[in-house]
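Keep in mind that the numbers below use all heavy atoms, side chains included, and drop hydrogens, waters and symmetry copies.
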Amino acid sequence: MEMIKVSIAGPRGRMGKEAVTLVEETNHFELVSVIDHKQEASAGVPVFASLEECFAHELPDVLIDLTTPEVGYTHTKTALEHGVRSVVGTTGFTAEQLEELKTLAEDKGIGCIIAPNFAIGAVLMMKFSQMASKYFPDIEILELHHDQKLDAPSGTAVKTAEMIREVRESKEQGHPDEKETLQGARGAEMDGIHIHSVRLPGLVAHQQVMLGGEGELLTIRHDSFHRKSFMSGVKVCVETVMELKTLVYGLENILE
Ligand SMILES: NC(=O)C1=CN([C@@H]2O[C@H](COP(=O)(O)OP(=O)(O)OC[C@H]3O[C@@H](n4cnc5c(N)ncnc54)[C@H](O)[C@@H]3O)[C@@H](O)[C@H]2O)C=CC1
Ligand SMILES: O=C(O)C1=N[C@H](C(=O)O)C[C@H](O)C1
């Protein structure tokens with residue numbers, strides 16, 4: 001198999017550390033550099049404070065970004081402008097940003113994968129919820145994460161609602177006259193689907209999709225107990241992005 005040169009942005013982070021290990025342990029991946037704004041990383045490869053400095057030194061085949069929403073967007077754009085493919089786990093991008101990055105990837109004729117969740121089980125949970133929503137259109141999403149997470153709702157919750165929106169008629173849920181006596185009690189709302197975000201120490205990444213029907217409730221739940229759960233998805237994305245000429249949003253679109 002052809003060797004793939006990889007750079008990682010955010011190597012000291014919770015996900016970044018796991019990604020460094022994955023790349024180091026995969027025979028056909030080579031970690032060539034890391035991007036750490038504080039230059040504190042010690043991955044045994046050159047550490048650069050910015051993507052521009054990194055790319056001036058050597059262009060990797062693939063950039064893996066696991067940083068923050070603002071930085072992740074700028075990195076992905078910069079990488080595409082330099083002709084470098086990206087695998088982006090960072091969440092919190094707007095629909096406009098995704099559209100802009102897709103246009104850029106297609107103009108450059110190179111691949112980019114933005115996957116709000118790399119865990120295979122989470123992708124299945126989203127697909128099963130999408131399937132079930134045809135029969136149970138009243139849906140509430142409960143996402144639960146560690147208390148250091150920056151974005152709410154999670155990228156996974158947003159993607160789940162988007163996938164459901166593809167197959168379910170628009171629907172206002174709950175009583176038409178319902179009123180929040182405490183602001184936020186009904187959570188966020190996307191196309192009638194309510195999304196509730198829980199942040200607590202001890203949690204990693206969890207989501208429960210609750211679908212209610214007459215006298216019944218279907219609950220579809222996924223739990224990531226360890227960030228290793230995301231790494232097989234990262235590996236598939238790094239391999240697949242080499243073959244793409246557009247931006248793919250969501251791991252479900254590349255799994256067989
Ligand atoms: N797609 C997926 O399956 C998953 C996605 N995530 C997402 O990945 C992102 C990172 O999550 P965590 O690792 O938990 O966060 P974290 O806070 O542990 O790590 C983020 C790292 O980015 C670094 N960073 C910030 N600005 C930077 C810059 N300009 N250049 C280089 N590095 C920079 C920080 O120093 C930090 O080490 C979040 O957006 C999160 O939502 C997290 C888990 C799974
Ligand atoms: O920040 C996290 O931890 C996670 N972020 C992603 C998201 O926002 O959905 C994926 C996973 O839920 C973990």
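Members clustered with Leu80: Tyr73, Val88, Phe93, Leu98, Leu101, Leu104, Ile110, Ile114, Leu247, Tyr249, by chain and number, using a 4.5 Å side-chain heavy-atom cutoff among hydrophobic residues. Leu63 shares a hydrophobic cluster with Ile35, Leu51, Phe55, Leu59, Val84; the chain of contacts runs through ILVMFWY side chains whose heavy atoms sit under 4.5 Å apart. Side-chain contacts under 4.5 Å among hydrophobic residues (ILVMFWY), followed directly or transitively, place Leu203 together with Leu142, Leu144, Val198, Leu200.
Every salt bridge (Lys or Arg N to Asp or Glu O under 4.0 Å) that Lys149 has, sequence neighbours left out, goes to Asp151. For the salt bridge (Lys or Arg N to Asp or Glu O under 4.0 Å) test, residues two or more places apart in sequence or in another chain that qualify with Lys228 are Glu18. Every residue meeting the side chain to side chain contact (heavy atoms under 4.5 Å, CB included) condition with Ala49, not counting sequence neighbours, appears here in chain and number order: Gln39, Glu53. With sequence neighbours excluded, the residues satisfying salt bridge (Lys or Arg N to Asp or Glu O under 4.0 Å) with Arg221 are Asp223. With sequence neighbours left out, Glu162 forms a salt bridge (Lys or Arg N to Asp or Glu O under 4.0 Å) with no residue at all. In this view, Glu96 and Thr94 satisfy the side chain to side chain contact (heavy atoms under 4.5 Å, CB included) rule, not counting sequence neighbours. Qualifying side chain to side chain contact (heavy atoms under 4.5 Å, CB included) partners for Glu24, counting only residues two or more places apart in sequence or in other chains: Val20, Leu31.
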For residues 116-124, which side-chain N or O atoms pair as donor and acceptor with protein atoms under 3.5 Å away, sequence neighbours left out?
from	atom 1	to	atom 2	distance (Å)
Asn117	OD1	Ala119	N	2.9
Asn117	ND2	Thr156	OG1	3.0

Residues 233-246, side-chain donor-acceptor partners within the protein, below 3.5 Å, at least two apart:
from	atom 1	to	atom 2	distance (Å)
Lys235	NZ	Glu239	OE2	3.4
Glu239	OE2	His28	NE2	2.8
Thr240	OG1	Val236	O	2.7
Thr246	OG1	Glu106	OE2	2.5

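Rounding to the nearest 0.5 Å places CE of Met3 at 7.5 Å from CG of Asn27. A distance of 7.0 Å separates CG of Asp61 from CD of Glu2, quoted to the nearest 0.5 Å. Rounding to the nearest 0.5 angstrom, the gap separating the CD1 atom in Ile64 from the CE atom in Met15 is 9.0 Å. Rounded to the nearest 0.5 Å, atoms OG (Ser133) and CD (Gln130) are 6.5 Å apart.
Counting all heavy atoms, side chain and backbone alike, Gly192 lies closest to Gln173 at O-CD, 3.3 Å. Of all heavy-atom pairs spanning Val204 and His226, the tightest one is CG1-N, 4.4 Å. Here the closest heavy-atom approach between residue Arg186 and residue Glu180 is recorded as N-OE2, 2.8 Å.
Residue Glu169 qualifies as open at atom CD: its count of foreign heavy atoms under 6.0 Å is 12 or below. Atom CD of Glu178 is surrounded by more than 12 heavy atoms from other residues, nucleotides or ligands within 6.0 Å. Within 6.0 Å of the CZ atom in Phe128, the count of heavy atoms belonging to other residues, nucleotides or ligands does not exceed 12.
Between the side chains of Gln208 and His206, no donor-acceptor pair of N or O atoms lies under 3.5 Å. Between the side chains of Thr160 and Gln207, a donor-acceptor pair is found at a separation under 3.5 Å.
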Between Val23 and Thr26, is the side-chain contact (heavy atoms from CB on, under 4.5 Å) condition met? List the steps. CA-CA 5 Å; Val23 172; Thr26 305; 5.9 Å; no
